[in-house]
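FYI, side chains are in, hydrogens and waters are out, and symmetry mates aren't considered; it's all heavy atoms of this structure.
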Number of protein chains: 2
Amino acid sequence: MTTDPADPSTPGTVRPGGRTARVRAAVLRAAEDALVEHGFSGLDLGDIAQRAEVGRTTVYRRWGSTTALVADLLTDMAEQSLPRTHSGSLAEDLRANARLVQRTLADPRQGALFRAVIVAAHCDADTAEALRHFYRRRVAEWAPCVTEAVERGELPPDTDAPEVVRAVSAPLYYRMLTTAEPLDEAAADRAAAAAEAAARAGAYRSGRA
Amino acid sequence: MTTDPADPSTPGTVRPGGRTARVRAAVLRAAEDALVEHGFSGLDLGDIAQRAEVGRTTVYRRWGSTTALVADLLTDMAEQSLPRTHSGSLAEDLRANARLVQRTLADPRQGALFRAVIVAAHCDADTAEALRHFYRRRVAEWAPCVTEAVERGELPPDTDAPEVVRAVSAPLYYRMLTTAEPLDEAAADRAAAAAEAAARAGAYRSGRA
DNA sequence: CCCCTAATGGGACTCCCGTTCCGTTAGGAT
DNA sequence: ATCCTAACGGAACGGGAGTCCCATTAGGGG
């Protein structure tokens, strides 16, 4: 126990400089590629080190486990936020959101990445929290289109905006899990329409029950 | 315990007699316990063999991989079907379904088992198909309460009954994945109410789009 | 009741993941 | 420009998961 490499208790001695940042970026990109190709269960830290042209020891020391690496990747992904649409119509905005989710999940690369990340989140508590943080960001980005609809009088005043946004994604994720049918635009449009109809009927009023 | 003497689900059972069936039942029960305790990623076939009081070699030979074992477990689970309610009211039936799903996912044992099984399905194509078969069974059990509502004139004639049933479960599974909030009865009731409202509005008409 | 063989079980072997040790490199502060 | 040390990288080590071999057990047909 001579030198503790990853000790957070010594704040002044952190060195987040050029090389460290470069290594992190290379490893995260390599991890993304590996997740897409082999899924989370087939993740091999040695393979990732080779792809990133970095020593195996470095990967094991800095992240320690596959779940911790994915958690870090999720933190990185959460910071890249996509701007939402502003069509001025609730139906249009929800449909745009649904199609964005559908296109993401149906895309070979993005879809595989999300499935792998979901698996990782199911395997570790910290990774699960990182995934929840990612979704909080995404939901917060789209929630305003619901609150604006409330202000226009299209929806009940006490509508739970984040819940409506989640209601758009939910059937798409569930469909991916339970059926082999492809996630097409029709499915996306139906998800958006169902969420809108339920919201108009007051199913998402935050008065709870 | 179900000692099925003529079980077609086990591959290569030329001799499906007493011992073989006994071993299968013991291993599946042990696998269930192990999945609940350690999750899919922590699954160890050697540990399962010990729990089942069976040789390691037997488990490796008959199932070969953790995903194949989970697929067999899912086949077994699909055969135990729970009867649905018959309240005569669409709202009541959907709410009963939502609460059944909610109670299952919120239960420490059942919930952990489902999460583990979902992970396994994400890791292997055959296991995914076994999981889809399981959900087809569950959905088919509850779909009649929607078709009966259609016949009573409560819903549009071309309503896609299985889609309505899936719409009840979807938000509960999505909530489990993306938030840390507990799955309570309020969430179940809201899921049922939203699905019903969307169905009444014609969002699940099979006319497609 | 007896025999044949499918199925099981123990133990040794192999391979690879993760760890540890220690020398080398490169930030960044002075 | 120089030094200090955090961070990196190669190499050897240990342990455990999965495989192989062969002796043993027990269905179930005759």
Below 3.5 Å, can you tabulate the donor-acceptor pairs from side chains in residues 108-121 of chain A to any protein atom, sequence neighbours excluded?
residue: A/R109; atom: NH1; partner: A/D33; partner atom: OD1; Å: 3.3
residue: A/R109; atom: NH2; partner: A/E32; partner atom: OE2; Å: 3.2
residue: A/R109; atom: NH2; partner: A/D33; partner atom: OD1; Å: 2.9

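- Residues passing the side-chain contact (heavy atoms from CB on, under 4.5 Å) test with A/Q80 are A/D76, sequence neighbours excluded.
- Listed by first and then second residue, the ring pair (Phe, Tyr, Trp, His ring centres under 6.0 Å) pairs that reach into residues 46-65 of chain A come to none, sequence neighbours excluded.
- At whole-Å resolution of the value, CD in A/Q50 and P in D/dG9 are 13 Å apart.
- For A/T67, the side-chain contact (heavy atoms from CB on, under 4.5 Å) criterion is met by A/F40, A/S65, A/C123, A/D124, A/T127, not counting sequence neighbours.
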Exercise for the section: Encode nucleotides 10-20 of chain D as B, S and - characters from 5' to 3', where the letter depends on protein heavy atoms closer than 4.0 Å: B to the base, S only to sugar-phosphate, - to neither. Expected result: BBB----SBBB
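- Residues passing the salt bridge (charged side-chain N to carboxylate O under 4.0 Å, His left out) test with A/R95 are A/E92, A/D189, sequence neighbours excluded.
- In this structure, B/R19 atom CZ and D/dG27 atom P are separated by 6 Å, rounded to whole Å.
- Residue B/R22 has no polar side-chain atom (N or O) positioned under 4.0 Å from OP1 or OP2 of D/dA26.
- Residue B/R84 places its CZ atom among more than 12 non-hydrogen atoms of other residues, nucleotides or ligands, all under 6.0 Å distant.
- The nearest whole Å value for the distance from the CG atom in A/L69 to the P atom in C/dG18 is 12 Å.
- Among pairs with a residue in residues 79-103 of chain B, none fulfils ring pair (Phe, Tyr, Trp, His ring centres under 6.0 Å), at least two apart in sequence or across chains.
- Between the CH2 atom of A/W63 and the P atom of C/dT19 there is a distance of 15 Å, given to the nearest Å.
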Report all side-chain donor-acceptor pairs from residues 128-135 of chain B shorter than 3.5 Å, counting only partners two or more places apart or in another chain.
residue: B/E129; atom: OE1; partner: B/R132; partner atom: NE; Å: 3.2
residue: B/E129; atom: OE1; partner: B/R132; partner atom: NH2; Å: 3.0
residue: B/E129; atom: OE2; partner: B/R136; partner atom: NH2; Å: 2.9
residue: B/Y135; atom: OH; partner: B/Y173; partner atom: OH; Å: 2.7

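- Axis orientation changes by 40° from one end of the helix from C/dC1-D/dG30 to C/dT30-D/dA1 to the other, with each end axis drawn from 5 pairs and the value rounded to 10°.
- At whole-Å resolution of the value, CZ in A/R62 and C1' in C/dG18 are 18 Å apart.
- Dashed line: the shortest gap from a side-chain N or O of B/T20 to OP1 or OP2 of C/dA7 is not under 4.0 Å.
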